[in-house]
Q: 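Right, I'll just put the structure down here and ask away after.
As a basis for the values below, the full set of heavy atoms in this structure was taken, side chains included, without hydrogen atoms, waters or symmetry mates. Please read all numbers here as calculations on a predicted model, not as lab measurements. For ligands, and for the atoms within them, numbers begin at 1 and follow the listed sequence.
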Amino acid sequence: MKTSKNNLLFLFINLCIIAVQISASHAEEERKPYIVYMGELPEDRKFLIDEHHSLLSKTIGDELIARNSKIHSYGRSFNGFVAKLLPHEAEILSKKEGVVSVFQNKVQKLLTTRSWDFLGMPLTVRRKRETESDMIVALLDTGIWIQSPSFNDKGFGPPPAKWKGKCMKAGNFTGCNNKVIGAQFFKLQNDGQEEEKSPADSDGHGTHTASTAAGNSVHGASLYGIAEGTARGGVPSARLAIYKICWIMGCTDMDILAAYDAAIADGVDIISVSLGGYPRDLFEDPIAIGSFHAMKKGILTSCAAGNDGPDLETIENVAPWILTVAATSIDRRFEAPVTLGNGENFTGIAINTFEPKERMYSLTNGAHAQNISGNPVGNISACDYGTLNQNKVKGKIVYCLGNGGQDLIIGELGGAGIIMSNEFTTDIAFPNLIPGTFVSVNDGEKIDKYINSTRSAQAVISKTITAYMTAPFVASFSSRGPQTLSSNILKPDIAAPGLDILAAYSELTTMTAEQGDKRIVKYNIISGTSMACPHASGAAAYVKSFHPDWSVAAIKSALMTTAKSMKIKPVGAELASGSGQINPRVALHPGLVYDIQYDNYISFLCGQGYNKSAIAMLTGNKKYNCSSFPVAKGADGLNYPSIHIYLNNSKTSFSEIFYRTVTNVGIGKSVYRASIRSPKGLSVTVVPKILTFDSPNQKRSFKVMVKGKFLRESSWVLSGRIVWSDSKHNVRSPILVFRS
Ligand SMILES: *[C@@H]1O[C@H](CO)[C@@H](O)[C@H](O)[C@H]1NC(C)=O
Ligand SMILES: *[C@@H]1O[C@H](CO)[C@@H](O)[C@H](O)[C@H]1NC(C)=O
Ligand SMILES: *[C@@H]1O[C@H](CO)[C@@H](O)[C@H](O)[C@H]1NC(C)=O
Ligand SMILES: *[C@@H]1O[C@H](CO)[C@@H](O)[C@H](O)[C@H]1NC(C)=O
Ligand SMILES: *[C@@H]1O[C@H](CO)[C@@H](O)[C@H](O)[C@H]1NC(C)=O
Ligand SMILES: *[C@@H]1O[C@H](CO)[C@@H](O)[C@H](O)[C@H]1NC(C)=O
Ligand SMILES: *[C@@H]1O[C@H](CO)[C@@H](O)[C@H](O)[C@H]1NC(C)=O
Ligand SMILES: *[C@@H]1O[C@H](CO)[C@@H](O)[C@H](O)[C@H]1NC(C)=O
């Protein structure tokens with residue numbers, strides 16, 4: 001009785017709100033959400049929300065509209081708010097005192113077991129369990145399927161004392177535990193989708209990335225027996241804090257900032273962000289802004305580099321305080337071979353979970369299975385929807401040209417399998433709804449010829465097997481540098497496995513999330529820089545568990561200067577892999593680090609042309625301007641662990657100086673010598689060539705003169721490196737000169 005009355009009341013309030021929204025929506029037709037970013041928090045936060053209101057109503061000129069237009073105030077870790085504005089109001093606001101930037105809310109996208117062994121971190125790797133279990137790794141993603149064995153809290157004590165976060169138990173999310181100590185969701189504005197509002201992962205992506213960064217060790221994990229082994233994260237004893245910000249429609253800027261606002265104040269150690277989408281100015285980018293405030297508190301953000309490779313200048317998430325992570329292969333590949341009736345075999349690449357039931361199946365192609373009575377519009381050899389005759393497909397394997405997706409069509413027609421060929425499928429193993437595989441264009445032509453040559457063509461597609469191969473190489477899809485925002489900083493920073501990664505998955509979705517797929521899986525194999533990013537996050541947490549007092553830049557430097565170079569290394573490889581593939585065990589003892597303090601970043605921003613008012617807001621002190629933060633000397637003005645020259649406008653010769661300072665993080669006395677490797681045309685001089693340290697934490701400075709000339713009109717990149725070595729450590733920095 002009581003419940004139903006409450007329900008009625010609730011319904012009534014809801015109706016009122018809807019009515020208000022309808023009447024208001026007319027006047028607000030063109031208002032769109034903008035983020036008003038105001039930099040550091042003021043010392044006194046009591047009037048923060050009032051200030052947001054007053055700023056808004058002065059701009060809009062109407063108290064009521066101003067009140068209705070505000071969506072959210074940030075104020076736990078930085079200052080700012082979100083409001084629905086007209087373009088001219090946004091313009092006015094951007095010029096107001098106290099405002100760093102105003103930008104329209106956009107939607108970003110997700111950048112879709114053996115990997116840790118491959119990285120030289122076997123199960124038995126030395127760990128600091130006490131401090132590792134105090135590490136809190138935050139994921140800004142699609143939520144989590146906490147029921148996965150990867151997140152079981154058996155053996156975990158209560159959350160570390162520093163933890164101040166929340167757990168939002170709702171819907172399919174059954175509540176936190178001592179492994180997943182926090183879980184929140186952020187959806188500041190309704191996007192019209194009827195999705196359950198809870199931290200539960202209905203997509204699988206967030207569960208996958210969380211378990212890669214910090215999942216438990218789970219024996220016997222596999223996808224239908226494929227990739228069987230122990231699935232685990234980089235820091236299995238660490239805790240997870242989940243911030244769900246990605247929904248069916250994507251991940252909005254305002255929600256990303258809300259998650260940062262919370263995560264920094266909650267006391268996390270590392271933030272893992274496997275998403276991106278728009279190249280833009282640093283302070284109009286929620287990930288750059290959020291990670292800037294996180295960096296100030298010693299929290300490293302690791303980000304996916306983007307999936308728009310192999311084209312150049314596609315890299316995302318390039319702020320110098322972010323660890324930008326490219327995706328590499330590990331030393332195995334998933335093959336689903338094809339055997340034809342004539343005994344010939346072909347290597348196919350795919351995640352094929354289906355064991356063939358028969359020795360051989362009839363084989364056909366689009367041309368032979370064409371629906372002649374119909375009047376098909378579409379590409380017959382690509383098996384487009386509506387072009388094939390069901391009777392000629394049923395029970396057969398069909399060969400189709402194309403990029404994938406035809407498995408659904410052939411499956412609906414009752415086909416027994418599909419062989420696809422295209423020029424793009426070179427490295428990723430994709431899943432299919434029916435037995436299926438991808439072959440090269442060359443092999444595809446041979447298969448097609450065989451089909452044409454006989455009336456009784458036959459084939460069988462094997463279940464996926466694991467093949468071993470030379471690695472690492474950078475995945476084709478991984479976004480490439482150079483970046484143009486702060487053009488003498490090399491990005492990506494580093495590379496980590498992101499190709500065909502097995503990790504935990506959500507049981508609220510299916511293996512492919514395609515219509516008709518009934519395969520609910522505990523572990524799934526997917527690819528993307530999204531998968532590389534949490535490997536780097538886990539590695540960063542591992543380093544931090546040994547060195548809890550290290551700055552963000554010191555951890556980055558340790559990971560970068562100890563990284564391994566690619567086994568397969570095309571010209572300009574650094575634009576794809578940065579310093580190389582993470583090598584976490586060696587990163588514990590880098591010998592020297594290139595440290596960067598908060599003030600150095602402010603100086604850097606001054607050098608980039610950020611003006612007085614922006615600097616004052618970022619630092620939270622009105623008295624500060626760029627004369628308080630002298631711009632550092634040198635071509636990049638930042639003590640970065642890599643060296644990069646971006647040559648604009650078809651210049652062919654160059655001459656730049658880079659100033660660097662290294663800090664001794666070794667045990668004590670040591671002597672480091674510089675060695676240089678450089679190709680013809682590139683001259684690198686280091687002064688001094690020897691650095692002597694008497695004690696830990698001592699700093700030594702040197703300069704690097706990079707001069708040269710592109711000798712051929714067609715050459716566009718010159719790469720070398722500088723290595724500082726004592727008897728135990730090799731501290732490597734790539735040097736890359738790029739000509740646009
Ligand atoms: C969550 O749980 C309910 C049933 O309790 C179900 O109807 C819903 O579809 C579930 N899945 C998601 C993704 O919300
Ligand atoms: C093709 O593979 C099958 C199964 O692995 C094997 O028995 C056969 O000998 C192979 N054929 C050729 C021509 O290599
Ligand atoms: C052939 O195409 C026609 C027209 O689109 C369709 O009605 C018919 O069902 C198709 N026949 C088969 C056997 O798929
Ligand atoms: C059909 O699709 C394939 C693969 O996408 C393409 O190579 C071919 O040119 C297309 N044919 C026609 C007639 O459009
Ligand atoms: C097989 O036959 C079809 C239809 O006649 C034709 O389009 C295709 O090019 C042939 N394939 C090869 C490899 O000759
Ligand atoms: C290259 O030069 C053009 C034209 O001078 C300029 O607009 C652009 O910003 C420059 N790019 C970089 C990365 O410096
Ligand atoms: C500082 O830069 C912002 C954005 O580029 C601009 O709107 C503002 O007018 C500038 N302020 C000063 C004092 O130059
Ligand atoms: C910048 O700060 C210095 C020292 O605080 C001050 O003397 C100077 O007037 C300031 N410059 C501007 C342009 O405000």
Q: Would you call K197 and E195 a salt bridge, taking side-chain N to carboxylate O under 4.0 Å as the test?
A: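 Result for this pair is no, no salt bridge flagged.
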
Q: Under 3.5 Å, is there a donor-acceptor pair between the D255 and T252 side chains?
A: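 Indeed, the side chains of D255 and T252 share at least one donor-acceptor pair under 3.5 Å.
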
Q: Hey, is ligand 4 close enough to S381 that some N/O pair sits below 3.5 Å?
A: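 Between S381 and ligand 4, no N or O pair is found under 3.5 Å apart.
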
Q: Starting from atom 12 (C) of ligand 1, locate the nearest protein heavy atom and write down its residue, its atom name and how far away it is, to 0.1 Å.
A: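 The protein heavy atom lying closest is N172 ND2, 3.1 Å.
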
Q: Using side chain to side chain donor-acceptor pair (under 3.5 Å) as the criterion, point out the one residue from T509, T142, N172 that pairs with D201.
A: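 Going through T509, T142, N172 one by one, the side chain to side chain donor-acceptor pair (under 3.5 Å) with D201 is satisfied by T142 alone.
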
Q: Return yes when at least one protein heavy atom is under 4.0 Å from atom 9 (O) of ligand 2, and no when none is.
A: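 It does not; no protein heavy atom is within 4.0 Å.
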
Q: Which of the numbered atoms in ligand 4 are under 4.0 angstrom from any heavy atom belonging to N379?
A: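 Reading through ligand 4 atom by atom, the close ones are 1 (C), 2 (O), 3 (C), 8 (C), 10 (C), 11 (N), 12 (C), 14 (O).
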
Q: Within the 4.0 Å heavy-atom shell around A382, which atoms of ligand 4 are there?
A: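 With A382 as reference, the close atoms of ligand 4 come out as 2 (O).
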
Q: Would you confirm whether any non-hydrogen atom of the protein falls under 4.0 Å from atom 5 (O) of ligand 2?
A: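 Protein heavy atoms within 4.0 Å of atom 5 (O) of ligand 2 - there are none.
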
Q: For atom 14 (O) of ligand 2, what is the closest protein heavy atom, and at what distance to 0.1 Å?
A: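 Protein heavy atom with the smallest distance to atom 14 (O) of ligand 2: N345 ND2, 3.4 Å.
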
Q: I'd like to know if the two cysteines, C533 and C303, have SG atoms within less than 2.5 Å.
A: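 Between C533 and C303 there is no disulfide, given that their SG atoms are not under 2.5 Å apart.
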
Q: Under 4.0 Å from any heavy atom of G343, which atoms of ligand 2 are there?
A: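 Here the atoms of ligand 2 in question are 11 (N), 12 (C), 13 (C).
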
Q: Are the side chains of K522 and V218 in touch, meaning some heavy atoms are under 4.5 Å apart?
A: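 They are not in contact (no side-chain heavy atoms under 4.5 Å apart), so the answer is no.
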
Q: Is any side-chain N of the basic residue among D266 and R76 closer than 4.0 Å to the acidic one's carboxylate O?
A: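 Yes, charged N to carboxylate O under 4.0 Å.
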
Q: Counting non-hydrogen protein atoms only, what is the nearest one to atom 13 (C) of ligand 1? Give residue, atom name and distance.
A: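 Answer, as residue, atom name and distance: S202 CB, 3.5 Å.
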
Q: Parallel, tilted or perpendicular, judged at 30° and 60°: which one describes the rings of Y505 and H208?
A: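 Answer is perpendicular, since the angle exceeds 60°.
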
